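Report on one structure; see the data block that follows.
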Amino acid sequence: MTTAQTPELDVQPTPLALLLLGREADPKSERGVECPGDLPSPSDPDLVERARAAKEKLGDKVFVLGHHYQRDEVIQFADVTGDSFKLARDAAARPEAEYIVFCGVHFMAESADILTSDDQKVVLPDLAAGCSMADMATAEQVAECWDVLTEAGIAEQVVPVSYMNSSADIKAFTGKHGGTICTSSNAKRALDWAFEQGEKVLFLPDQHLGRNTAVRDMGMSLDDCVVYNPHKPNGGLTADELRAAKMILWRGHCSVHGRFSLDSVDDVRARIPGVNVLVHPECKHEVVAAADYVGSTEYIIKTLEAAPAGSKWAIGTELNLVRRLANRFAPEGKEIVFLDKTVCFCSTMNRIDLPHLVWALESLAEGNLVNRIEVDPETETFAKLALERMLALP
């Protein structure tokens with residue numbers, strides 16, 4: 001057998017091509033985060049008028065939810081904006097809306113479907129808009145983890161607490177096993193409740209929020225925490241390590257917030273004297289420890305609203321929100337910059353662009369239901385139980 005000779009082509013492969021070919025690697029890159037140096041370019045302006053027309057035709061039949069991390073061209077059509085749980089509750093408070101169009105990611109749309117009535121239909125404009133963190137914990141992996149805890153003789157002492165940023169399956173697991181859901185703003189209250197129910201907590205799926213809440217807000221030590229890795233036998237832990245731990249943290253993280261580093265904090269303090277560092281609790285523990293302020297997206301917004309004119313801020317959260325806040329508060333003389341020098345945004349969140357939103361709205365206006373997110377009844381029952389436990393927290 002002979003090998004045909006291919007003539008040399010005068011073409012230089014791009015960095016992206018090399019990555020796809022497996023000939024180069026970016027060790028900090030993963031699904032859910034992109035660092036292209038800028039935000040995606042705006043869509044065709046004609047789409048703005050089409051979106052307006054379709055939304056006007058639908059009238060009160062449609063209610064559009066916009067997560068804080070959405071791009072501006074999408075957020076302008078949102079009836080309400082907020083974090084994932086606030087938006088799900090807002091949807092439940094609008095029973096007259098037949099269609100809930102969720103401009104966010106898949107787990108958020110699931111939560112909206114769980115909390116709304118059976119007559120309401122939740123639509124996600126792009127079904128590929130997922131969440132890398134939520135994908136880091138599958139139902140099968142968590143069931144296997146519970147078997148490991150059972151074999152270690154501690155399952156009866158463990159209360160699962162799952163972050164809102166999780167799939168409906170994980171929320172249902174949490175409900176079945178006596179646990180609750182939490183958000184980044186009520187994580188301490190959820191953990192206080194959990195430790196009243198049992199001696200240990202299995203925190204899913206974001207290790208950083210769990211660790212930061214336990215150590216920073218509740219006074220535990222880092223030694224009280226262990227990390228369960230679903231890709232290793234027994235989670236990479238011995239039975240003795242599991243028995244000694246108070247917080248069993250799932251090995252998951254946010255692909256955007258996980259990029260911020262202590263170097264980012266040191267660098268911005270050197271570049272901008274007097275800067276206030278404000279970060280989300282999904283950031284790594286060393287970043288949170290070095291920051292001046294730590295809180296949820298709602299907390300970040302309220303902190304900047306209350307900040308004095310002329311103050312300087314470096315924000316450690318998703319780029320779309322940081323840019324929006326920088327533009328909003330610039331007239332007040334507040335300087336707001338992205339914490340990291342590398343510009344990053346959540347690529348899965350940004351899949352909800354104007355073309356997808358226009359397609360979804362126009363389809364609904366024509367009577368065609370598209371991209372419905374529907375949680376099966378059994379999963380919904382137990383997931384709702386976990387969510388209701390959170391709503392009942394003191």
Side-chain angles (χ1 to χ4, degrees), residues 14 16 31-84 86-88 90-91 94 96-106 108-109 112-113 120-131 256 297 301 317-331 336 338 343-373:
T14 65
L16 176 59
R31 180 174 179 271
V33 61
E34 289 183 3
C35 300
D38 207 344
L39 287 173
S41 58
S43 300
D44 186 337
D46 291 342
L47 291 174
V48 174
E49 292 307 317
R50 288 174 59 182
R52 283 203 183 103
K55 194 165 185 281
E56 185 175 336
K57 183 177 180 180
L58 286 161
D60 292 338
K61 291 178 65 176
V62 70
F63 191 49
V64 180
L65 308 176
H67 191 272
H68 286 310
Y69 296 165
Q70 287 293 311
R71 59 178 86 191
D72 288 345
E73 67 174 24
V74 168
I75 211 79
Q76 66 180 315
F77 293 104
D79 294 303
V80 293
T81 60
D83 61 18
S84 57
K86 175 182 179 295
L87 293 176
D90 286 342
R94 290 291 293 265
E96 70 276 12
E98 182 179 353
Y99 304 117
I100 306 296
V101 177
F102 209 125
C103 298
V105 294
H106 196 273
M108 300 178 188
D113 183 59
Q120 293 177 290
K121 303 168 185 67
V122 177
V123 171
L124 184 65
D126 185 348
L127 293 179
C131 170
V256 171
T297 51
I301 295 168
T317 193
E318 208 274 339
L319 177 61
N320 278 308
L321 177 59
V322 177
R323 286 227 177 142
R324 193 172 300 126
L325 293 172
N327 293 331
R328 174 184 170 186
F329 294 114
I336 298 172
F338 192 60
V343 178
C344 291
F345 62 88
C346 178
S347 55
T348 51
M349 187 74 74
N350 273 269
R351 292 193 70 95
I352 307 298
D353 55 12
L354 199 49
H356 282 91
L357 178 59
V358 167
W359 170 75
L361 290 174
E362 289 184 339
S363 296
L364 295 175
E366 293 166 1
N368 299 321
L369 178 60
V370 295
N371 286 13
R372 182 178 183 182
I373 302 299

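Here the structure is a predicted model, which is why all the values come from computation and not from measurement.
- For the atom pair CZ (Arg372) and CD1 (Ile100), the distance works out to 11.5 Å, reported to the nearest 0.5 Å.
- Closest non-hydrogen pair, Val370 versus Ala360, comes out as CG2-CA, 4.1 Å.
- For Ala365 against Ala54, the heavy-atom pair with the smallest separation is CB-O, 4.2 Å.
- Side-chain contact, Tyr69 with Thr297: no donor N or O sits under 3.5 Å from an acceptor N or O.
- With rounding to the nearest 0.5 Å, the separation of SG in Cys131 from NE2 in His106 is 11.5 Å.
- Counting all heavy atoms, side chain and backbone alike, Gly104 lies closest to Leu124 at O-CD1, 3.8 Å.
- Annotation for Gln76: atom CD counts as buried by contact number, over 12 foreign heavy atoms lying within 6.0 Å.
- Inter-residue side-chain proximity for Phe102 and Ile373 is flagged as unmet; no heavy-atom pair is nearer than 4.5 Å.
- The main-chain N or O of Glu98 is never found under 3.5 Å from a side-chain atom of Gln120 such that the two would form a donor-acceptor pair.
- In this structure, Gln70 and Ile352 have side chains that are in contact, with non-hydrogen atoms separated by less than 4.5 Å.
- Nearest approach of Ala78 to Gly66, heavy atoms of both residues: CB-N, 3.7 Å.
- In this structure, the side chains of Trp359 and Asn371 come closer than 4.5 Å at one or more pairs of heavy atoms.
- Counting heavy atoms from C-beta on, the side chains of Ile301 and Arg328 come closer than 4.5 Å.
- To the nearest 0.5 Å, the span separating CG on Asp60 from OH on Tyr99 amounts to 13.5 Å.
- Under the side-chain contact (heavy atoms from CB on, under 4.5 Å) test applied with Cys346, the options Asn320, Leu319, Val256 reduce to a single match, Val256.
- In this structure, the side chains of Phe63 and Leu65 come closer than 4.5 Å at one or more pairs of heavy atoms.
- When all heavy atoms of Val101 and Leu361 are compared, the closest pair comes out as CG2-CD2, 4.2 Å.
- Atom-to-atom distance recorded for Arg50:CZ and Asp46:CG is 8.5 Å, nearest 0.5 angstrom.
- For Lys86 and Asp90, the salt-bridge test passes: some basic side-chain N is under 4.0 Å from an acidic carboxylate O.
- Residues His68 and Ile75 are not in side-chain contact: their nearest non-hydrogen atoms beyond the backbone lie 4.5 Å or more apart.
- Taking CD1 of Ile336 as the start and CG of Leu325 as the end, the distance is 5.5 Å to the nearest 0.5 Å.
- Within the 4.5 Å cutoff, the side chain of Asp353 has heavy atoms near those of the Arg71 side chain.
- A distance of 9.5 Å separates SG in Cys103 from CG in Leu87, rounded to the nearest 0.5 Å.
- Side-chain contact check for Met108 versus Met349: some heavy-atom pair is nearer than 4.5 Å.
- Contact record, Phe77 with Arg52: CE2-CG, 3.5 Å, taken as the closest heavy-atom pair.
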